[in-house]
Asks: 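Provided herewith is a single structure, encoded as structure tokens, for subsequent inquiry.
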Amino acid sequence: MTVENAPSWLEDLNPQQQEAVTAELGPVLVLAGPGSGKTRVLTYRAAYLIYELGVPPFHILAVTFTNKAANEMRERIAELLGGTPRGLTVGTFHSICARFLRRDGDVIGIPSNFVIYDDNDQIGVIKAVLKELDLDEKLYPPRRISNFISRAKNELLTPDMVRARIHREEIFRRVYERYQEKLREAHALDFDDLIMEVVRLFREHDDVLEKYQRRYQHVLVDEFQDTNTAQYEFVKILGKSHRQVFVVGDEDQSIYRFRGADFRNVLRFRKDFPEAKLVLLEQNYRSTGHILAAANAIISKNSSRTPKQLFTQRGEGTKIRLREAYDETEEADFVANEIIRLTGEGYRFGDIAVMYRTNAQSRALEEAFLRHEIPYQLVGATRFYARREVKDVLAYLRLIHNPSDDISFLRIVNVPARGIGAKTVGVLQRWARDAGLAILPALRLVAAGSDSIEPPPLRRRAMDAVLSFARTIEELREESDGMPVPELITALLEKVKYKDYILKDDSEESKERWNNVLELVNVASTILVGPDEDPLTAFLERVSLVSDVDNLRESENGVTLLTLHAAKGLEFPVVFIVGLEDGLLPHSRSIDEPDEMEEERRLFYVGITRAKDLLYLLHTFRRTRYGSSDLSMPSRFLSEIPKDVVENYSPGSYGRSGPGARRSSRNWPFEPLGGSKRSSGGPIPRFYAGQRVRHPKFGVGTVVSVVEKNGDQEVRVAFAGKGIKLFLAKLANLEAV
DNA sequence: GTGGCCCCTGTTTTT
DNA sequence: CAGGGGCCAC
């Protein structure tokens with residue numbers, strides 16, 4: 001098949017896109033810049049295989065990283081072909097692997113009703129292990145250990161394969177070992193296991209591997225630069241026999257290093273599939289010229305990349321609007337006011353996104369939006385599924401589904417309170433462990449009067465409470481078989497009197513909690529269950545594997561608030577990026593590591609390239625972090641943007657020229673925003689406690705305290721009748737009297 | 001065993 | 001600033 005006789009529906013692709021879509025069978029690597037039609041190429045390729053080459057959809061596997069991307073791909077393919085092709089598999093790495101394991105995991109000892117442990121569950125298991133091994137959480141922080149374990153698993157390393165170089169790593173390794181046993185006992189897998197275990201399944205069982213290779217003769221992968229070693233291996237093994245592997249990615253948008261992603265998998269791919277056809281997509285259909293120029297300038301500073309030069313035919317467009325606000329409150333206010341102004345120009349709220357480096361930054365924005373009555377939707381942050389009440393209900397469901405799930409057992413054994421305290425729980429844990437069983441299954445044996453197990457050493461009262469709890473779960477389990485999940489949730493809420501527990505006072509917070517529980521019932525009723533799936537299994541799996549962006553409703557007319565990470569793959573006519581300060585972007589944790597710095601730069605690049613028409617870049621003069629306010633420096637990345645694509649922007653109605661307008665910094669190539677009165681330069685006065693000073697507005701006062709900060713002084717001055725005011729020596733026009 | 005208070009600490013990004 | 005752990009009083 002060549003481009004010349006391509007069917008008409010390929011005509012809306014540019015030559016490079018066509019080249020990729022109609023590439024001969026065999027491995028294909030598409031390196032696609034932002035906005036160059038990456039997803040389009042992927043969906044057209046799938047459609048092309050089916051429609052032109054007559055490949056049965058059954059033989060196609062398309063893999064993405066988020067459910068949202070998977071759904072989009074499925075829909076777009078359906079649009080092209082006029083209906084969803086039967087048997088086509090589209091899903092995330094995690095959901096696909098979970099499915100494989102439910103079906104075939106038994107040969108490597110994975111029960112088909114396994115639960116998926118999330119982050120918090122993992123920490124819970126690690127803490128339990130630390131207690132068991134009598135290790136101090138202070139010395140061996142669970143968070144670190146979980147990262148350690150995750151990193152190992154992403155590299156496909158089992159505990160015995162991890163080589164510890166220092167004592168501490170050896171401890172981590174042992175915790176990993178015991179952690180893994182505990183997961184197995186609980187019939188649980190964590191996120192990383194889903195991938196790693198499938199790879200193990202494929203490696204250890206040729207027959208299973210061959211079955212999947214025969215089924216999936218075409219493998220398509222989106223966002224290939226985000227794969228970690230385990231995911232790469234998954235793709236490689238599956239494609240080994242037929243080599244029909246079509247991957248699309250962009251090294252410049254690799255922003256998940258911290259969770260094991262390695263964009264060098266692109267290079268590895270070229271080595272493992274040397275015959276791979278390489279296609280570069282450089283034409284950008286999204287952004288205007290100025291925005292693209294900034295993006296190109298930023299990313300070209302990175303050393304490890306395949307040079308690409310994006311171009312657009314959209315014209316130069318509006319210059320980038322750069323602004324400094326005094327602090328995060330003013331920054332948010334500026335964004336809000338500007339959004340209102342833009343809606344007057346015909347933009348809709350839904351056209352606009354505000355992006356930031358850390359979730360904590362969303363707060364100031366939310367507050368401003370509430371004040372200005374701007375509708376918004378927040379992606380991520382305090383996620384619905386992380387809410388306590390939601391997790392409680394899910395723990396009940398998980399325990400019903402899988403009685404060995406000790407983490408869920410521990411979570412709810414005393415929720416609502418039923419007189420089973422920490423001591424009792426401790427006894428139960430030790431007792432079950434010695435018996436080599438999970439807690440609930442062990443209790444079941446006791447309840448059944450089995451003589452294969454000694455009852456736990458508990459007092460009568462505690463024992464009764466525990467057995468009653470076990471019976472409750474057992475009854476729910478019996479009643480629930482095959483029951484639709486919403487009904488099951490309702491039944492269990494009733495049975496354990498969860499509503500009374502949540503609504504024990506009638507605060508707003510309680511009501512909101514209860515609403516969340518009801519929302520969960522609602523979610524359960526919207527989940528699609530396949531014909532051969534158990535409803536509860538399906539529900540729990542969908543819920544475990546949702547990502548933040550999955551919940552983004554594009555149809556809704558609200559401003560989108562999201563992290564730069566969550567923004568990847570999206571586009572908006574108007575984008576605000578806030579908090580462009582050293583320490584935030586680039587993040588302070590990355591500044592002394594060159595590789596990390598390159599990743600921060602890519603993150604900025606991803607943000608910039610989300611914008612179609614208007615891009616606003618904001619930073620503050622001072623920012624409150626961890627409760628205290630510090631002076632901030634503009635992000636060093638800002639100085640990498642060519643000056644001629646930036647407009648120093650100050651909208652008419654909002655022309656404040658606060659202290660932030662003045663700055664002398666080598667980071668700072670841009671003209672200050674107008675209005676500065678204070679002459680720059682000249683010696684900055686030094687102050688000391690007890691000194692008498694004069695302020696132009698407050699008059700004469702006494703210095704109460706002086707704190708040295710970032711080369712400046714924070715001066716507290718008491719004024720008679722006006723209280724104590726805080727100033728920065730460099731800015732406030734304080735003079736010694 | 002429960003609930004409340006206080007201190008302390010650790011603060012990135014997430015399937 | 002906020003979540004968690006430790007400690008205390010019921």
Side-chain angles (χ1 to χ4, degrees), chain A residues 63-70 91-98 116-120 122-124 127 136-138 141-144 146-147 150 153-154 189-196 223 226-228 230-231 254-261 328 355-364 379-383 385-386 388 414-426 459 461-462 465 504-505 541-550 562-568 579 583-591 593 596 599-600 602-604 606-607 623-629:
Chain A
V63 196
T64 63
F65 277 87
T66 66
N67 295 298
K68 182 168 181 289
T92 65
F93 274 101
H94 291 88
S95 67
I96 285 168
C97 287
I116 299 168
Y117 273 3
D118 70 14
D119 240 37
N120 288 303
Q122 287 181 52
I123 298 290
K127 284 184 176 172
D136 187 352
E137 283 186 22
K138 297 265 156 54
R143 191 74 266 157
R144 288 261 172 77
S146 103
N147 284 335
S150 179
K153 289 183 175 180
N154 288 333
L189 299 179
D190 63 25
F191 286 135
D192 303 315
D193 282 334
L194 293 174
I195 319 290
M196 185 174 177
E223 305 280 15
D226 285 336
T227 52
N228 59 36
Q231 288 157 337
S254 163
I255 53 174
Y256 285 107
R257 213 171 90 98
F258 68 92
R259 70 172 194 216
E328 62 278 348
M355 302 173 186
Y356 35 81
R357 175 70 234 261
T358 68
N359 278 306
Q361 291 169 256
S362 69
R363 206 219 226 90
V379 176
T382 24
R383 299 172 47 189
Y385 293 104
R388 197 170 77 213
N414 203 31
V415 177
R418 38 177 86 88
I420 305 173
K423 230 167 121 194
T424 307
V425 170
R459 289 173 186 283
R461 251 171 71 142
K504 53 182 176 259
D505 56 63
E541 185 157 309
R542 307 281 195 285
V543 156
S544 310
L545 299 177
V546 285
S547 70
D548 288 338
V549 278
D550 292 345
L562 75 184
T563 62
L564 289 163
H565 281 90
K568 188 154 66 99
L584 217 42
L585 185 77
H587 195 271
S588 48
R589 299 269 306 220
S590 309
I591 277 175
E593 244 263 48
E596 298 275 322
E599 177 130 331
E600 296 288 311
R602 290 193 291 268
L603 201 47
F604 188 29
V606 166
R623 178 170 297 272
T624 310
R625 266 182 103 186
Y626 322 132
S628 69
S629 174

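First the proteins, then the strands, lettered A, B, ... as listed; each starts at 1.
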Asks: Counting the atoms with a prime plus P, OP1 and OP2 as sugar-phosphate, which does A:Ser588 contact under 4.0 Å by heavy atoms, base, sugar-phosphate, or nothing?
Replies: nothing
Asks: Just jot down the salt bridge (charged side-chain N to carboxylate O under 4.0 Å, His left out) partners of A:Asp119, sequence neighbours excluded, or say none.
Replies: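 In terms of salt bridge (charged side-chain N to carboxylate O under 4.0 Å, His left out), with neighbours along the sequence ignored, A:Asp119 is linked to A:Arg143.
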Asks: Measure CD/A:Gln122 against P/B:dT14 and give the value in whole Å, please.
Replies: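 Rounding to the nearest Å, CD of A:Gln122 and P of B:dT14 are 16 Å apart.
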Asks: Between A:Asp550 and A:Val546 (side chain of the first, backbone of the second, donor and acceptor by atom type, cut-off under 3.5 Å), is there such a pair?
Replies: no
Asks: Using a 4.0 Å heavy-atom cut-off, does A:Phe191 contact any base of the nucleic acid, only the sugar-phosphate backbone, or nothing at all?
Replies: base
Asks: Reckon A:Ser590 has a side-chain N or O less than 4.0 Å from the OP1 or OP2 of B:dT12?
Replies: no
Asks: Should A:Glu600 and A:His587 count as side-chain neighbours, where that means a heavy-atom distance under 4.5 Å?
Replies: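 Heavy-atom side-chain distance check passes, below 4.5 Å.
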Asks: Let me know the distance between CZ of A:Arg143 and C1' of B:dT9, rounded to the nearest Å.
Replies: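 Taking atom C1' of B:dT9 as the reference, CZ of A:Arg143 is at 15 Å.
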Asks: So A:Arg363, base contact, sugar-phosphate only, or nothing? Heavy-atom distance under 4.0 Å.
Replies: sugar-phosphate
Asks: Determine: side-chain N/O of A:Lys127 to OP1/OP2 of C:dG5, distance under 4.0 Å, yes or no.
Replies: yes
Asks: What residues form a side-chain hydrogen bond (donor to acceptor under 3.5 Å, both in side chains) with A:Asp118, not counting sequence neighbours?
Replies: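 With neighbours one apart ignored, the set is empty.
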Asks: Quick check: any donor-acceptor pair below 3.5 Å linking the side-chain of A:Arg357 to the base of B:dT13?
Replies: yes
Asks: Could you tell me whether A:Asp226 and A:Arg259 make a salt bridge, using a distance below 4.0 angstrom between a side-chain N and a carboxylate O?
Replies: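 No, no charged N to carboxylate O under 4.0 Å.
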Asks: Find the distance between CD (A:Gln361) and CD (A:Glu328) and round it off to the nearest 0.5 Å.
Replies: 9.0 Å
Asks: Establish, with yes or no, whether the OP1 or OP2 oxygen of B:dT15 is under 4.0 angstrom from a side-chain nitrogen or oxygen of A:Ser544.
Replies: no
Asks: Once you round it to whole Å, what is the distance between P of B:dT14 and CG of A:Leu562?
Replies: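 The distance from CG of A:Leu562 to P of B:dT14 comes to 9 Å, rounded to the nearest Å.
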Asks: Return the value, rounded to whole Å, for the distance between atom OH of A:Tyr117 and atom P of B:dT14.
Replies: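 Between P of B:dT14 and OH of A:Tyr117: 24 Å.
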Asks: Using whole Å, what does the distance between atom P of nucleotide C:dG6 and atom CD of A:Glu137 come to?
Replies: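 Computing the A:Glu137:CD to C:dG6:P distance gives 7 Å.
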Asks: Is any side-chain N or O of A:His587 under 3.5 Å from a base N or O of B:dT12, one able to act as donor and the other as acceptor?
Replies: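 Between B:dT12 and A:His587, which were checked side chain against base, a qualifying N/O pair under 3.5 Å is absent.
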Asks: Within the structure, does a side-chain N or O atom of A:Asn154 lie under 4.0 Å from either OP1 or OP2 of B:dT15?
Replies: no
Asks: How long is the line joining CZ of A:Arg257 and P of B:dT14, in whole Å?
Replies: 17 Å
Asks: May A:Phe258 be described as stacking on the base of B:dT13, applying a 5.5 Å centroid limit and a 30° limit on plane angle?
Replies: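 Yes; by the centre-distance and plane-angle rule, A:Phe258 counts as stacking on B:dT13.
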Asks: Assuming nearest nucleotide by heavy-atom distance, tell me which of A:Gly421 and A:Glu596 is located more 5' along DNA chain B.
Replies: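 Its nearest nucleotide being more 5', the pick is A:Gly421.
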Asks: Could you give the distance separating C:dG4 and B:dT13 at their P atoms, to the nearest angstrom?
Replies: 16 Å
Asks: Quick one: on DNA chain B, does A:Thr66 or A:Ile420 contact a more 5' nucleotide (nearest heavy atom)?
Replies: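 Its nearest nucleotide lies further toward 5', so the answer is A:Ile420.
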Asks: B:dT2, OP1 or OP2 - any side-chain N/O from A:Asn414 closer than 4.0 Å?
Replies: yes
Asks: Could you tell me the separation between the NZ atom of A:Lys138 and the C1' atom of B:dG10, rounded to a whole number of Å?
Replies: 12 Å
Asks: Kindly point out which of B:dT15, B:dT14, B:dT11 is positioned nearest to the side chain of A:Arg589?
Replies: B:dT11
Asks: Rounded to whole Å, please give me the gap between CZ in A:Phe604 and P in B:dT13.
Replies: 18 Å
